[in-house]
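Right, one structure below, let's go through it.
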Amino acid sequence: MSPETAVREPESCKVEPAAGPRVIALQDIVEQVRHDSQQVPNRYLDESTVPHGGE
Amino acid sequence: MASIFERLIGLETEYAIRFRAGDPSAPRLPRFRIYEAVLAALQQRIVTVRARHFKEGVFLANGGAVWFEAERPASGGGLIEGATPECRTPRQLIAYQRAQDRLLAEAALTDKLPGQVRLLKNDRDAHDNVYGAQDNYEAALASGPLLWLWRLGLVALLPLAIVTWTGIAACLLLVLCYFAFAGLVYLAGRYLVSDRNWLATLLFGTDLAEGRGTCVHAPIWLESMLQLAARVITGPLAVALDLLLRGTVFRRIRRQLTPFLVTRPLLAGAGMIDRAGDFLLSDKGPAINCVLGFGGFWGDRPLYNMGHFFKAIYAQAWFSPREYSRLFAARQRLQIGLGDSNMCEVAEYLRVGATLLVLDAIEAGHLSSIPRMASPIRALHAVCRDTVFREPMASLDERPATALQVQWHYYQACHDFVSGSADAPPEAAEILELWRAALEGVEQFATQGQIPATLVGTLDWATKKYLLDHAAPRACWAERKKIDLCYHELSAEGYFEMLRQAGTFPAIVAPEEVERAMRVPPADSPATMRGHYIREFSTGEQPMTASWSSVTLGSGWNAHVIPLARRQRRVAPRHGVTGSSTSGHQT
């Protein structure tokens, strides 16, 4: 079959490979992290301060 | 024949305490009070006994320990430090580290405090205060003339040590005199001063009504003076011991292991956002400022921490001469100060496992060609900043080498070493396989500029960078720093814990192994007998205390000290977390 006669798949029929469960879980967590990191970040930094550090 | 995974190993981890007060206007709760509440909750989960140690703490029935670590207790700061029991294999050690993380994280959920407590397993806060983790490996201190030089040096140090102990005793006497005087001043002054709390805080460092719960034993000004006095009194001993250590101990290991450790952040770095907003591979690495030191005595933060030698002489040997005699042993603890606190099991496994293989190869005389670094500390700082992995930082066979090439060099040497060892355990091959896969992943990142999926959940710096790049690529510094810190929070809201709960990452140890490690000590270790005694005698009529080297039943003249044997009869297969058979133990 020459390139000219090859049947071309219509654009609308192209299907993206489905994201695996790992990718979906990661995307979910990235979204949660994005949202949570915006919640009073300075308060979080202050609460977790360790004056003088350690060894 | 070469020995692989035969030495004792252990991890120490300092956990930062995050406290959210129920009443935001309430004064900051001293960290010691939080430690006490967490400890009380921990004691509901596992049997403990008081530690005979210079830090406030307990030993657990699984052989590990928990301390309160504070550089300046009068300031109200401090951390919770956990130490795993002494283990034999990397896999066993990871199980005990996970068990410790879980025990403490669950204890932190205590409802006995006026607010929410969470622990962070990390190395640096938002204000650049540094703490974190250390690895401990039993290793050959020296051999031949160097070992005898070390022992002669210890004998020669004894008069200086006695002068130091006398100075410390005199200092303690003065402190007692001060408190007697301060007590009299308080008794007289409380009728003259309207604010008694102010007077108590000035004289004793704490409101007397708060009592022991603050762990403040002196006012801040007296604490500062005592710290200065301690440095002056112990200074000559510290200088002499420092010279002796540099000249004699772990010389071959230091020469051959250092380039590996300097480039180890590629495998075990936790990643961090610095003050300028840049991403670095390691959060503790940039704070390391010398190759060898006592860890804080001179403001030093060393790659090899020799502080335990110093503490053994000035703080322990004067009431226990046995501690001094232990320093003469040919094999002793090598403490590595550069250790990021890992959340990824694979990274933690590689941090310990790869280091063990390199140490085993060094002691077997297998490493011939060693990468050379003009300044290991400058190279380490460059490694931490080089997130494209292209900067040469060592020379290998007279040619410049990047951190990645140095790591490949050690990998290949260990691979050859394990292949040539007839009795190599299967775990060594497993570690080599993970090491190779990790280096290939880093190489892929270096060429493509994107974190490969295989590294997410495997290496901490890669996982954290993935979260930062995808969740907050253009966010402000505080938001990105929150991701950096909350990644390490040991709770359901911690970002790495969220990833772990999703269950899509490789785990090294099974949940049953962790459960078992939360209750039972490892076999073939001093922890075996320590755990056994704690379980059997902690609730008896006689008071019991424990240390790393012995347990003590009774007190005063009737105290019965039982030394813990370094090696127990082997009762278990080489792999997995193995419980102790208490029968047949040497006592």
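Given the structure is predicted, the values throughout are model-derived calculations rather than measurements. In what follows, chains carry the letters A, B, and so on, assigned in the order in which the sequence lines appear, proteins first and then strands, with residues in each chain numbered from 1.
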[X] portion near chain A, given a 4.5 angstrom heavy-atom threshold:
X	answer
B/Y487	neither
B/N305	side chain
B/L485	both
B/E479	both
B/H470	both
B/A70	neither
B/Q134	side chain
B/R301	side chain
B/R31	side chain
B/A475	neither

As an exercise, state the distance from [atom1] of [X] to [atom2] of [Y], rounded to the nearest 0.5 Å.
X	Y	atom1	atom2	answer
A/I29	B/F496	CD1	CZ	10.0 Å
A/S48	B/N129	OG	CG	10.5 Å
A/D46	B/R20	CG	CZ	10.5 Å
B/L499	A/D28	CG	CG	11.0 Å
B/K481	A/Y44	NZ	OH	11.5 Å
B/R28	A/E47	CZ	CD	9.0 Å

(request) Using a 4.5 Å cut-off on heavy atoms from C-beta on, say whether the side chain of A/Q32 contacts that of B/Y495. (result)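 No - every pair of side-chain heavy atoms lies 4.5 Å or more apart.
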(message) Need one label for A/D36: side chain, backbone, both or neither, based on atoms under 4.5 Å from any heavy atom in chain B.
(response)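 Answer is both: backbone and side chain atoms of A/D36 are under 4.5 Å from chain B.
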(message) Report which part of A/E31 has an atom under 4.5 Å of a heavy atom belonging to chain B: side chain, backbone, both, or neither.
(response)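 When you check distances to chain B, no heavy atom of A/E31 falls under 4.5 Å.
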(message) For the interface with chain B, which of A/V50, A/N42, A/V40, A/L26 has the highest count of heavy-atom pairs at distances below 4.5 Å?
(response)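 The answer is A/V50.
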Considering only heavy atoms and a distance below 4.5 Å, find which of [options] pairs most often with chain A.
options	value
B/M498, B/E69, B/R18	B/R18
B/A471, B/G77, B/A16, B/G78	B/A471
B/A126, B/P24, B/A502, B/A478	B/A478
B/A133, B/C486, B/G132, B/A472	B/C486
B/G337, B/C476, B/G295, B/A453	B/A453

(request) Determine the minimum heavy-atom distance between B/H127 and A/T49, stating which atoms define it. (result)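 Smallest heavy-atom distance, with atoms named: CD2-OG1, 3.2 Å.
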(message) Heavy-atom count check: over 12 atoms from other residues, nucleotides or ligands less than 6.0 Å from A/Q39 CD?
(response)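 Atom CD in A/Q39 is crowded, with more than 12 foreign heavy atoms closer than 6.0 Å.
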